[in-house]
Amino acid sequence: MTPELIASFDEASTAALASRLDEDDYPTPFAGLQDWHLMRALAIHRPELARPYVHLVDQEPFDED
């Protein structure tokens with residue numbers, strides 16, 4: 001993720017990214033993971049854009065025992 005890539009996002013492109021993540025219809029698991037990392041970076045660096053979609057990057061706590 002480059003700062004330029006993150007800065008290039010607006011509400012429409014963030015919504016398109018969220019839609020892809022929500023549909024979860026990727027040709028490979030790595031393509032989905034790449035979008036997930038991008039949404040996570042937006043949540044960190046551009047929270048105003050990612051706030052409506054934070055549920056897509058939240059991770060549930062789990063018990064390893």
Side-chain angles (χ1 to χ4, degrees):
M1 296 312 129
T2 64
E4 294 80 18
L5 175 63
I6 293 170
S8 72
F9 271 77
D10 60 11
E11 288 182 15
S13 54
T14 304
L17 174 63
S19 178
R20 288 196 310 266
L21 283 166
D22 198 38
E23 291 172 11
D24 194 27
D25 186 26
Y26 291 97
T28 69
F30 297 108
L33 189 58
Q34 183 176 358
D35 274 358
W36 184 85
H37 281 292
L38 182 52
M39 182 62 79
R40 188 166 181 257
L42 286 170
I44 292 167
H45 299 286
R46 306 276 312 271
E48 72 282 1
L49 291 176
R51 193 165 288 119
Y53 313 108
V54 73
H55 65 279
L56 296 171
V57 293
D58 278 347
Q59 291 182 321
E60 295 293 322
F62 61 93
D63 186 5
E64 293 181 2
D65 292 333

K.L.:
Looking at NE2 of H45 and CZ of F9, how far apart are the two atoms once the value is rounded to the nearest 0.5 Å?
P.N.:
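One gets 13.0 Å once the value is rounded to the nearest 0.5 Å.
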K.L.:
Between CG of D22 and NE2 of H55, what distance do you get to the nearest 0.5 Å?
P.N.:
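One gets 5.5 Å once the value is rounded to the nearest 0.5 Å.
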K.L.:
Donor-acceptor pair, S8 side chain versus L5 backbone, under 3.5 Å?
P.N.:
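Yes, because the side chain of S8 sits within donor-acceptor range (under 3.5 Å) of the backbone of L5.
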K.L.:
Please indicate whether E11 has more than 12 foreign heavy atoms, meaning atoms of other residues, nucleotides or ligands, lying under 6.0 Å from its CD.
P.N.:
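Counting neighbours around CD of E11, 12 or fewer heavy atoms of other residues, nucleotides or ligands fall under 6.0 Å, so no.
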K.L.:
Ignoring hydrogens and angles, tell me if any N or O in the side chain of S13 forms a donor-acceptor pair with the backbone of D10 under 3.5 Å.
P.N.:
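Here the side-chain-to-backbone pair exists.
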K.L.:
Would you compute the distance between atom CG of L49 and atom CE of M39 and round it to the nearest 0.5 angstrom?
P.N.:
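These two atoms lie 9.0 Å from each other.
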K.L.:
So how far is it from D35 CG to E23 CD, rounded to the nearest 0.5 Å?
P.N.:
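Reported value, rounded in 0.5 Å steps: 11.0 Å.
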K.L.:
Do the side chains of I44 and Y53 join up, straight or via other hydrophobic residues, at under 4.5 Å, putting them in one cluster?
P.N.:
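I44 does not cluster with Y53.
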K.L.:
Calculate, to the nearest 0.5 Å, the distance between atoms CG and CD1 belonging to L38 and I6 respectively.
P.N.:
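These two atoms lie 7.0 Å from each other.
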K.L.:
Are the side chains of L21 and Y26 in touch, meaning some heavy atoms are under 4.5 Å apart?
P.N.:
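Sidechains of Y26 and L21: in contact.
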K.L.:
Side-chain contact, heavy-atom cut-off 4.5 Å: D25 with R20?
P.N.:
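They are not in contact (no side-chain heavy atoms under 4.5 Å apart), so the answer is no.
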K.L.:
Tell me whether L42 shares a hydrophobic cluster with V54, the cluster being built from Ile, Leu, Val, Met, Phe, Trp, Tyr side chains joined at under 4.5 Å.
P.N.:
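L42 and V54: one cluster.
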K.L.:
Which pair of non-hydrogen atoms, one from A43 and one from V57, has the smallest distance, and what is that distance?
P.N.:
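So the minimum-distance heavy-atom pair works out to CB-CG2, 4.4 Å.
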